[in-house]
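Letters go in sequence order (proteins before strands), and every chain restarts at 1.
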Protein chains: 2
Amino acid sequence: MAPKALDYESLNEKVKKVQYAVRGELYLRASELQKEGKKIIFTNVGNPHALGQKPLTFPRQVVALCQAPFLLDDPNVGLLFPADAIARAKHYLSLAPGGLGAYSDSRGIPGIRKEVAEFIGRRDGYPSDPELIFLTDGASKGVMQILNTIIRDEGDGILVPVPQYPLYSATISLLGGSLVPYYLEETANWGLDVNDLRHAVFQARSKGITVRAMVIINPGNPTGQCLSEANLREILHFCYRENLVLLGDEVYQQNIYQDERPFISARKVLMDMGPPLSKEIQLVSFHTVSKGYWGECGQRGGYFEMTNIPPESVDEIYKIASISLSPNVPAQIFMGLMVSPPKPGDISYEQFIRESKGILESLRRRARIMTDGFNSCRNVVCNFTEGAMYSFPQIRLPPKAIEAAKRAGKVPDVFYCLKLLEATGISTVPGSGFGQKEGVFHLRTTILPAEEDMPAIMASFKKFNDEFMEEYEDHRGYSRM
Amino acid sequence: MAPKALDYESLNEKVKKVQYAVRGELYLRASELQKEGKKIIFTNVGNPHALGQKPLTFPRQVVALCQAPFLLDDPNVGLLFPADAIARAKHYLSLAPGGLGAYSDSRGIPGIRKEVAEFIGRRDGYPSDPELIFLTDGASKGVMQILNTIIRDEGDGILVPVPQYPLYSATISLLGGSLVPYYLEETANWGLDVNDLRHAVFQARSKGITVRAMVIINPGNPTGQCLSEANLREILHFCYRENLVLLGDEVYQQNIYQDERPFISARKVLMDMGPPLSKEIQLVSFHTVSKGYWGECGQRGGYFEMTNIPPESVDEIYKIASISLSPNVPAQIFMGLMVSPPKPGDISYEQFIRESKGILESLRRRARIMTDGFNSCRNVVCNFTEGAMYSFPQIRLPPKAIEAAKRAGKVPDVFYCLKLLEATGISTVPGSGFGQKEGVFHLRTTILPAEEDMPAIMASFKKFNDEFMEEYEDHRGYSRM
């Protein structure tokens, strides 16, 4: 009989070509080991609550009340919920006719899009238009929607930083476009050199690819760097000259662990630059409730904001969003709460600040512990995590380890990470899943394990790594030459 | 300057080609009118809570507690929540490490997929494998994932019933496949004739299209019919002979308004048929928390179950699901609750049964009121809504109305529905959005307006319709010939 449509050999080739390492071989092996009873430390995904981060109390109270609106009529509600959470739940229910069980408009609830616009306005100092903000089921879904609108065929190229978050490579593969890599410079703390961009575009053109858009991830994933204002200006000039849409993945904008380079949005820099750029450059910026000190990954809430996108294109994006009817409504409420948290004087303000500061300060300490830990290991060098949630150490694999990997049929960093997993239970993602320069190897880990567990985890890593290096290093080769 | 990537003229043509009438011209006009202060009755989408249906109390209590797990430690929790809701919340939190804020596995929480498998096993009398069940952000997302796996290019055809739910036409356009229509027979209560299927496949082949899959919507949307067991057997035989994957959209399986034709799942019929069919036919079945007596549309919860899909294809579908990390977790809990509602003896059982029976019995009465109402109108004929949530009356537009529509630059049924909207505030979807035979016109409305509002709505419809017919009917032509 002929193969059936869902037999492997007859599946859509674009589906088969996709690679997604964050939940790839390492994750699958870790899941198996966990089933067998081994203790696994999942640092493969930026998933703070899975590693014990507690949710912020106030937003959870509000959303719980929105889920159970009948509680608002219960005379005992004040025993379990503070008055400002009750008031806020009533506010959101008034914005969402039909409550959390009704589809909203496909762009999201108008009143919440307005709150997002006000947040952006306060952040950047330039007003934002709610009609150009779409709420989404997490930022990833927004990125996929926009790339689907841009990519027509394999002749369309998207500039993506390497190392990159594999959402981009996976989505571009799935949509049949071409990923055009530009390399971040590890020795310059993962800085972005505009000459590299020019070179990347030149190379793509010589292959017949039309570069249509550029992705920046700021703060960087997996690289953790924060883009400076000067760098953002260069990028915007470049997009203007090359006629590129800029996609600004800014989901880690609240995750900053140093004071020298605060987060600045691409939109603010663009607006600061004034016309013609501020009127011409097409920019789409992405944000989420999954990161920051919220970490509400499982709720799947996000938004994108469009700048200089013509109304008829916005209509097309709206139409496509409509096929799935609406983003989930509870996460829309989380987004509303994220952009308008409790204010000084509110009953819940102090607790909210205590909780959120506690999380951010601990993340800052963990970023430092982790960087220092990696740098204390043999053949490991690691840039400091300026922002985001990841550490991306370079692992200098000895030639004998590379040969052993080849014999085992594995990419060298996969080989290393699998051995790390088996020895320690630490589930990381090999650098090859993000892209890296030829012959250079990394791994990505989140900085999210609980602070009190961190010293033991880093000690366990060091013990594994140093023994691994001991085993595979050619002592003659290294020490005597 | 050359057009930019997000200028309309340079967008992905597949995006532009998509049509999605459920939130198309009529919905946009209705939204405008609502902004201007007109009272709109939104019957364009099956969105029960938006029209006043109250959520079921027990599941909302459980999910509220899962959102605010700190309440479980509060000594006053029993004042607001019954003990069985508290126990159930603890149960789901034990299945979801990290709670609602953590990404789950990309297929959904294993423990909930197990509950879904048990539900399917009880329903069909054949065990189901949790590893072949994926939870999704609503059934639509599942349909899109599966079609994306099947469709390679425009040479791949998908058999879709006409009239159809435009999710299918829109998704097939977006993915660049070919929709192969098979017509349901209105005069046979929207029955499916296998000869029509054969004819459709023959026609598609003559155009060089490989038909790869067949969609059935049971109960039907927008047509409301329930497929008989005999009909399902014929369909399965046909899929076997033609080597087609069967996609069973069974989201309305709890919405049945007559006793002659209960819902039977495609999977049960397939299993009843035994080998070779039960071992060979590839079947994917879809379900949701958005319909039934739940109507939890805004939560975006669904699942699909795969039968006879080889493991390496399941792995590919898993990989693609991983790009978006996980379906939203609160809706996964709703799915768990839907497939394992309170049992006799549970504290909340009586209330749950009272609420759910109340909703279903009222829907049954509303289906009757609406059908009878349409059939009392001039030039309107309407099949009874056996299941699902829609009424799909045929509107016999007089030639003068068709001419007037042409002069206004509108498709005739769009013309009629726009006039209906302006006159009455009733927001429907023109039949052309679902497909219909040439020269025949319909509209789709949900049966969801509150029962007490129904008589007034139907009276308002009748008044508009009969006046419209009076205006456009050629009395000489009709009465004297």
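Among all heavy-atom pairs drawn from A:Ser324 and B:Met144, the shortest one is OG-SD, 4.0 Å. Annotation for A:Leu71 and B:Leu80: closest pair CD2-O, 3.8 Å, computed over non-hydrogen atoms. Closest non-hydrogen pair, B:Ala102 versus A:Ala50, comes out as CB-N, 3.7 Å. For the pair B:Ala64 and A:Ala68, the tightest heavy-atom approach, listed with the atom from each and the gap, is CB-CB, 3.8 Å. Of all non-hydrogen atoms in A:Arg60 and B:Pro69, the two that sit nearest each other are NH1-CD, 3.9 Å.
When side chains are defined from C-beta on, B:Asn76 does not count as touching A:Asn76, because their heavy atoms never get closer than 4.5 Å. Residues A:Pro327 and B:Arg300 have side chains not in contact (no heavy-atom distance under 4.5 Å, counting atoms from C-beta outward).
In this structure, CG on B:Leu28 lies 7.5 Å from OG on A:Ser322, to the nearest 0.5 angstrom. Taking CG of A:Leu174 as the start and CD1 of B:Ile320 as the end, the distance is 5.0 Å to the nearest 0.5 Å. Rounding to the nearest 0.5 Å places CD of B:Gln19 at 7.5 Å from NZ of A:Lys319. Expressed to the nearest 0.5 Å, how far SG of B:Cys66 lies from CD of A:Gln67 amounts to 10.0 Å. Distance CZ/A:Phe70 to NZ/B:Lys54: 11.5 Å, rounded to 0.5 Å. One distance of note links CG of B:Leu325 with OH of A:Tyr20; it measures 4.0 Å at 0.5 Å rounding.
Between chain B and the residues A:Asp137, A:Ile151, A:Val143, the largest count of heavy-atom pairs under 4.5 Å involves A:Ile151. The residue among B:Gly301, B:Pro166, B:Pro310 with the most heavy atom pairs within less than 4.5 Å of chain A is B:Pro310. Note: B:Arg212 leads B:Arg212, B:Gln332, B:Arg152, B:Glu9 in heavy-atom pairs under 4.5 Å with chain A. Per-residue heavy-atom pair counts under 4.5 Å with chain A were compared for B:Ile150, B:Asp74, B:Leu100, and the maximum is reached by B:Leu100. In terms of heavy-atom pairs under 4.5 Å with chain B, the best-connected choice from A:Leu11, A:Val245, A:Val329 is A:Leu11. Among A:Gln299, A:Glu312, A:Glu296, the residue with the largest count of heavy-atom pairs under 4.5 Å with chain B is A:Gln299. With chain B as partner, the option from A:Asp105, A:Val45, A:Leu51, A:Leu175 having the largest number of non-hydrogen pairs under 4.5 angstrom is A:Asp105. Heavy-atom pairs under 4.5 Å with chain A were tallied for B:Gly138, B:Ser104, B:Pro59; the largest tally goes to B:Ser104. Of the listed residues (A:Cys297, A:Gly98, A:Ser140), the one with the most heavy-atom contacts under 4.5 Å to chain B is A:Cys297. Ranked by non-hydrogen atom pairs under 4.5 Å with chain B, the options A:Ala331, A:Pro97, A:Pro330 are led by A:Pro330. With chain A as partner, the option from B:Ser10, B:Ala170, B:Ala213 having the largest number of non-hydrogen pairs under 4.5 angstrom is B:Ser10.
Under the side-chain contact (heavy atoms from CB on, under 4.5 Å) test applied with B:Glu316, the options A:Val15, A:Leu6, A:Val18 reduce to a single match, A:Val15.
Judged by distance alone, with hydrogens and angles left aside, the side-chain atoms of B:Asn328 form no donor-acceptor pair with the main-chain N or O of A:Asn328 at under 3.5 Å. A donor-acceptor pair under 3.5 Å is formed between the side chain of A:Asn47 and the backbone N or O of B:Tyr103.
Heavy atoms of A:Ser106 lying under 4.5 Å from chain B belong to its backbone as well as its side chain. For B:Tyr165, the part lying under 4.5 angstrom from a heavy atom of chain A is the side chain only. At a 4.5 Å heavy-atom cutoff, the contact between B:Thr57 and chain A is made by backbone and side-chain atoms alike. Heavy atoms of A:Ile309 lying under 4.5 Å from chain B belong exclusively to its side chain. Contact of A:Phe42 with chain B is not made at all, since no heavy-atom distance falls under 4.5 Å. Of the two parts of A:Lys16, the backbone and the side chain both hold a non-hydrogen atom closer than 4.5 Å to a non-hydrogen atom of chain B.
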Please assess B:Lys4 against A:Asn308 for the test side-chain contact (heavy atoms from CB on, under 4.5 Å), listing each intermediate value before the final yes or no. CA-CA 10 Å; B:Lys4 304 182 187 90; A:Asn308 297 324; over 6 Å; no
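Between the side chains of A:Gln282 and B:Asp7, at least one donor N or O lies within less than 3.5 Å of an accepting N or O.
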